[in-house]
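Report on one structure; see the data block that follows.
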2 protein chains.
Amino acid sequence: MQSSQAGGPKKRISESTIHRLSLYYRALSLLEKENYETVSSKELAKREKLTPAQVRKDLSFFGSFGTRGLGYPVTELKKRIATILGIDRVWRVALIGVGNIGSALVSYKEFAKQGFHIVKLFDNDQRKIGSNHKGMIVSDIANLEQELTEARIEVVVVAVPATVAQYIVDDVVRAGVKAILNFAPINLRVPEDVYLRNENMAMELEYLSFAMVNNHTPKRVK
Amino acid sequence: MQSSQAGGPKKRISESTIHRLSLYYRALSLLEKENYETVSSKELAKREKLTPAQVRKDLSFFGSFGTRGLGYPVTELKKRIATILGIDRVWRVALIGVGNIGSALVSYKEFAKQGFHIVKLFDNDQRKIGSNHKGMIVSDIANLEQELTEARIEVVVVAVPATVAQYIVDDVVRAGVKAILNFAPINLRVPEDVYLRNENMAMELEYLSFAMVNNHTPKRVK
DNA sequence: ACTAACATGTGAAATACTTCACAAGAAGTA
DNA sequence: TACTTCTTGTGAAGTATTTCACATGTTAGT
């Protein structure tokens, strides 16, 4: 079998591996700032609390980027990972719901840093519609489908109350958007060809709570 | 071996299982509102896009809560899961950093709903110190250690810039806090006996991006 | 040129996690 | 009571993921 350069990887890549690529990317950005030219799997693992073998295995799914005896070239590897993750480009993002969380996300630097540019805001509140957030005018959710299409939106972030989230997502799907990040605490229905991920900020707190109550031993960390 | 009622589970429980317990808890809250008295693993699985076997296995780690032929009693199971997760009580939470994300979290209903009560706010910005957020006065971060101790804080949410996060966490650790939820995009060092979880909202977007670019087939969902 | 120290990439082994499949219990019907 | 339907709880089987361990290759020093 060919290497995975063209047309995406052949084996199924696990979700964990993809999440770890995000971690590597962030670590590499930092290493670049610190003027490292190369980095070993050992050092990368240490910074992300993983094992060196894990790092090498993850990367090996996508090709061989390192040099024996030396390690991985920082800038080069960072670029490669960006390409793999699809963040070596700009994604046009719309944010729906300019409430507590929505407003925070408009200014969330990490999104823009990874190429996710919020270019459209929507809300259903008349007081918010027409107002200016970070240079963007909030649009009326009433014209959602049409405006998403016209603005060529590729990714939608949903930050509305759970009660209305499904209706909104139905509109979003009708507009042909294929990727949705949902902050509402509800399970949304979308067609098979639409990617949906949920962000549940309480979940990690619940994990902390569980760990404290049960003296849970976290997975060993090197 | 005894059942796991007292003293916590004996086997190591996987992180995934714990996260799924959060999902079950949320589903059960909804089922309760819909006046279900019992629910089968099949129905619960359907609502959370899991398999019935998975649901049963997860629950079986903690005891046997169901009745054959009938299913699980909704209210009872919800209570049991709350106990397992340690959210059948109030946790005293302090939020550090009243910026974009911090302000959003102050009003984030899901936290309070699961027993995480934010009772203290901190910032280092003179313009914010002394101001009122949802009935709370923002304290100066300068007295962090002392104030955390005095307020008997058990959980800290860190929502400050990456550049200062480590210093703050060091203070938090000195105050004896054992659970930290970190929103800063950086890997923090904490002693072994402190539980630390990171919340990285860009990660899920990166997953979406990867999926789109690679036509990634998501894990089969029933 | 030789040696020692490093470090990758990867089959194979070890673990961990999920799903299967079924014995056994519960409830309703007749 | 007998029979049918439903559903749990759980060993065992099946997958998936992680870690090991080492052949192979690079670099630097002498």
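Please read these numbers as outputs of a predicted model, since none were measured by experiment. Per chain, numbering begins at 1; letters A, B, ... match sequence-line order. What's counted below: heavy atoms across the whole structure, side chains too, no hydrogens, waters or symmetry copies.
For the pair Arg80(A) CZ and dT8(C) P, the computed distance is 16 Å after rounding to whole Å. Here the P atom of nucleotide dT18(C) and the CG atom of Asp58(B) are 7 Å apart, to the nearest Å. In this structure, CD of Gln54(B) is placed 20 Å from P of dA13(D), rounded to the nearest angstrom. Rounded to whole Å, the distance from CZ on Phe61(B) to P on dT19(C) is 12 Å. Note: CD1 (Ile13(B)) to P (dC17(C)) measures 10 Å, nearest angstrom. Rounding to whole angstrom units, CZ of residue Phe62(B) and P of dT8(D) are separated by 18 Å. Nucleotide dG11(C) holds its P atom 7 Å from the NZ atom of Lys57(A), rounded to whole Å. Separating the CZ atom of Phe65(B) from the C1' atom of dA26(C) is a distance of 19 Å, rounded to the nearest angstrom.
Judged by distance alone, the side chains of Tyr108(B) and Asn100(A) never bring a donor and an acceptor atom under 3.5 Å apart.
For Glu110(B), the side-chain hydrogen bond (donor to acceptor under 3.5 Å, both in side chains) partners are Lys113(B), not counting sequence neighbours. The salt bridge (charged side-chain N to carboxylate O under 4.0 Å, His left out) test applied to Arg47(A) returns Glu34(A), Glu43(A), not counting sequence neighbours. The salt bridge (charged side-chain N to carboxylate O under 4.0 Å, His left out) check on Arg92(B) picks up nothing, with sequence neighbours excluded. Not a single salt bridge (charged side-chain N to carboxylate O under 4.0 Å, His left out) links Glu48(A) to another residue, sequence neighbours left out. Under the salt bridge (charged side-chain N to carboxylate O under 4.0 Å, His left out) criterion, Lys57(A) pairs with no residue, sequence neighbours left out.
Taking for each of Ala53(A) and Ser64(B) the nucleotide of DNA chain D with the nearest heavy atom, the 5'-most of the two is the partner of Ser64(B). Both Gly66(B) and Arg20(A) sit near DNA chain D, but only Gly66(B) has its closest nucleotide nearer the 5' end.
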| query | Tell me, for nucleotides 2-7 of chain D in 5' to 3' order, what letter each nucleotide earns: B for a base near a protein heavy atom under 4.0 Å, S for only sugar-phosphate near one, - for neither? | reply | ----BB

